[in-house]
Amino acid sequence: MARTGYTLPVFAVAATKAAIAHLQNADSPSTVTLDLLPESAEIPIEQVARLTPQTALGITRSDPGDNLDLTRNTPIWAMVELQTAGAERLILKAGDGLGRSLEGEPAIYNYAKRLFDANILPLIPEGQTASITIVLPEGKQLADRTSNAAFGIVEGLSLLGTSGISKPFSAEDHLADLRQILCTKAAQSNHLVFCIGSNGLAVADRLGIPADRIVQTGNWVGAMLVEAGLQGVKAALLLGYQGKLIKLAGGIFNTSSHLADAKLEIIASAIVRQCGDLALAQAVLQAKTADAAYQLILAQNQVTPIFHALVHQISHNAARYVQKYADVDLGIATVLFDRQGQIIAGTIAHPEEFDRWRL
C-alpha cells in the first residue's frame with residue numbers, strides 16, 4: 001500500500017517547534033506533534049542545538065511519502081531567536097535555499113503561515129517575539145530543477161501547499177480526491193477559484209483568495225468544472241498560467257500534454273483573427289514554448305487584443321462544456337498570468353471584482 005507523507009511547510013514548522021522547546025526547557029525532542037489543520041501528525045526531529053542563549057536551531061528532513069518528489073530527504077533547518085517583543089510576535093524570514101519573490105518577500109504562502117500561527121504562536125512567551133529563519137541547505141540546487149524561477153520565485157524552494165498531507169495517487173485516485181475536495185468546498189461556498197497548476201496557488205494567495213475557496217484541478221479542468229456545476233456552484237474563476245489554460249480556448253479540457261498540445265496553434269489562430277498579422281502568427285507557430293510565443297506578442301504590443309479574445313473564448317467554451325455535460329449554467333471568469341505570475345488578461349476588468357471570490 002502506498003505510504004503518505006507531508007509537505008515542506010510541515011517540516012519547517014516542526015523544526016521551529018523543536019527549536020523553541022530547546023530554548024524554553026533544554027529539551028531535545030525526537031518528535032514533535034503538529035496541528036495540520038485539521039489533521040495532526042508526529043514529525044521526527046533529526047537534531048536540535050542551542051547557538052546562543054536566545055537562539056536555537058532545529059533540523060528535520062523532508063519525507064513526502066511514496067510520491068515522486070525531488071525534495072525527498074532534503075534537510076530543513078529552522079533558526080529561532082527569542083527577542084524582546086516588537087510589533088509582531090512571530091517573524092518569518094527566508095534563509096539560504098528558501099525562495100523569495102521578485103519583490104523580496106519570503107516564498108512562504110498562506111497554508112504555511114497558518115501552520116506557524118497555529119503551532120508556534122501559542123509557544124512564544126509573553127513579552128517576546130520569535131524571529132524564525134528557515135534554511136533549506138539544498139534548496140538552491142533543487143530549485144534549478146523546478147519552474148520556480150520562471151514564476152518569479154528566485155534563490156530557492158517555496159513553502160507552498162493547501163494541505164500538510166502528501167498523498168501518492170494513481171491518476172484515477174487523484175481525480176477522485178480532487179472531486180471530493182471540490183464537493184466539500186462547494187458545500188461551503190458557491191463561488192470557487194480553480195487553480196490550474198501549482199503556481200496558480202501562489203497567484204491566488206497574492207490576490208487574497210481564501211484557501212476554502214481554492215480548488216486545484218490537476219489536468220482535469222473539464223471534469224472538475226462539470227462536477228462544480230453538478231454540486232450547485234454558481235460561479236467559477238479559472239486562474240492559470242497562459243501556456244496551460246490557453247488550451248481551453250481550443251476546446252481541450254484535459255490539459256495534459258500527453259493527450260493534446262495545440263497551444264501554439266490556438267494562439268496563432270487568435271493572432272490571425274484579431275490582428276491579421278500572418279508573420280507574427282508564423283513566428284508563434286515556430287516558437288519552442290508558450291512563453292516564447294507570449295514574448296513575441298509582447299514585443300509587437302499585441303498582448304491586449306489577442307489575450308483579451310482568448311480569455312473570453314476560454315470562458316465561453318468552458319460554460320458550454322458544463323452546459324453540455326451537466327445541463328446547468330455555470331458562470332465562468334478567466335484570468336491568465338505569465339511565467340512571473342503577473343496577470344496578463346482576464347474577463348475580470350477591475351481589481352475589486354475579485355472581492356466576490358474573497359468574501
Side-chain angles (χ1 to χ4, degrees), residues 4-24 29 31-46 48 56-65 67 69 71-72 74-82 88-95 97-101 105-125 128-136 139 148 153 156-167 181 184-185 195 198-199 201-202 204-206 208-216:
T4 61
Y6 301 99
T7 57
L8 276 183
V10 172
F11 297 100
V13 174
T16 301
K17 187 171 183 177
I20 287 183
H22 193 64
L23 282 173
Q24 292 179 331
T31 64
V32 296
T33 302
L34 295 186
D35 177 2
L36 301 189
L37 307 171
E39 303 95 339
S40 63
E42 291 284 329
I43 305 299
I45 301 300
E46 191 164 286
V48 187
L57 177 69
I59 299 176
T60 187
R61 196 170 287 269
S62 172
D63 178 6
N67 284 292
D69 192 312
T71 68
R72 179 181 308 281
T74 191
I76 298 98
W77 299 2
M79 186 169 66
V80 180
E81 181 180 7
L82 293 179
E88 301 176 71
R89 297 194 63 221
L90 191 156
I91 300 170
L92 299 176
K93 299 179 180 180
L98 180 65
R100 297 170 178 81
S101 69
E105 293 297 317
I108 302 174
Y109 294 99
N110 186 55
Y111 176 72
K113 292 176 181 177
R114 289 172 56 217
L115 279 187
F116 276 104
D117 286 348
N119 290 279
I120 305 304
L121 271 178
L123 304 179
I124 301 173
Q128 292 190 303
T129 288
S131 178
I132 301 163
T133 303
I134 303 300
V135 176
L136 294 151
N148 279 11
I153 302 301
L157 299 173
S158 306
L159 298 187
L160 179 65
T162 59
S163 169
I165 305 297
S166 176
K167 297 180 181 179
I181 293 170
T184 300
K185 296 189 176 185
C195 287
S198 60
N199 286 285
L201 295 174
D205 186 82
R206 194 179 72 238
I209 307 296
D212 60 4
R213 295 290 186 90
I214 297 172
V215 176
Q216 291 181 276

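Below, all heavy atoms of this structure are taken into account, side chains as well, without hydrogens, waters or symmetry copies. In what follows, residues are counted from 1 in the order of the sequence shown.
- The two residues Leu121 and Arg89 make their nearest non-hydrogen contact at O-NH1, 3.8 Å.
- Summarising the geometry, atom CG belonging to Asp212 is positioned 13.0 Å from atom CD1 belonging to Ile181; distances are rounded to the nearest 0.5 Å.
- Applying the side-chain hydrogen bond (donor to acceptor under 3.5 Å, both in side chains) test to Lys113 and every residue at least two apart in sequence or in another chain returns nothing.
- Considering only residues two or more places apart in sequence or on other chains, Ala112 meets the side-chain contact (heavy atoms from CB on, under 4.5 Å) condition with Pro9, Ile108, Leu159.
- Nearest heavy atoms, Ala130 versus Ile124: CB-CD1, 3.7 Å.
- In terms of heavy atoms, Pro44 sits closest to Thr60 at O-OG1, 2.8 Å.
- Looking at every heavy atom in both residues, Ile76 comes nearest to Ala12 through CG2-CA, 3.7 Å.
- Shown here are the side-chain contact (heavy atoms from CB on, under 4.5 Å) partners of Ala19, two or more places apart in sequence or in another chain: Ala56, Val80.
- For Asp205, the salt bridge (Lys or Arg N to Asp or Glu O under 4.0 Å) test picks out no residue, with sequence neighbours left out.
- Residues forming a side-chain hydrogen bond (donor to acceptor under 3.5 Å, both in side chains) with Ser163 (at least two apart in sequence, or on another chain): none.
- Residues satisfying the side-chain contact (heavy atoms from CB on, under 4.5 Å) test with Glu42, not counting sequence neighbours, are Thr31, Thr33.
- Side-chain atoms of Arg206 do not come within 3.5 Å of backbone N or O of Leu201 as any donor-acceptor pair.
- Once rounded to the nearest 0.5 Å, the distance linking CG of Leu98 with CG of Leu8 reads 9.0 Å.
- Of the possible polar contacts, one joining the Ser62 side chain to the Thr71 backbone as a donor-acceptor pair under 3.5 Å is found.
- You'll find the side chain of Ile132 stays beyond 4.5 Å of the side chain of Ile91, heavy atoms only.
- The distance from the CD1 atom of Ile214 to the SG atom of Cys195 is 5.0 Å, given to the nearest 0.5 Å.
- To the nearest 0.5 Å, atoms CD1 (Ile43) and NZ (Lys17) are separated by 10.5 Å.
- With hydrogens and angles ignored, the 3.5 Å screen pairs a side-chain donor or acceptor of Lys185 with a backbone N or O of Ala211.
- Taking CD1 from Ile134 and CG from Leu157, the interatomic distance works out to 13.0 Å, rounded to the nearest 0.5 Å.
- Residues Thr16 and Phe116 are in side-chain contact: their nearest non-hydrogen atoms beyond the backbone lie under 4.5 Å apart.
- For Glu46, the side-chain hydrogen bond (donor to acceptor under 3.5 Å, both in side chains) criterion is met by Arg61, not counting sequence neighbours.
- In terms of the salt bridge (Lys or Arg N to Asp or Glu O under 4.0 Å) criterion, residue partners of Arg100 (sequence neighbours excluded) are, by chain and number, Glu155.
- Asn119 is linked by a side-chain contact (heavy atoms from CB on, under 4.5 Å) to Val13, Leu34, Asp35, Leu115, counting only residues two or more places apart in sequence or in another chain.
- For Thr184, there are no side-chain hydrogen bond (donor to acceptor under 3.5 Å, both in side chains) partners at least two apart in sequence or on another chain.
- Here the straight-line distance linking atom OG1 of Thr7 with atom CG of Asp63 works out to 11.5 Å at 0.5 Å rounding.
- Shortest non-hydrogen contact noted between Ala94 and Thr133 is C-CG2, 4.3 Å.
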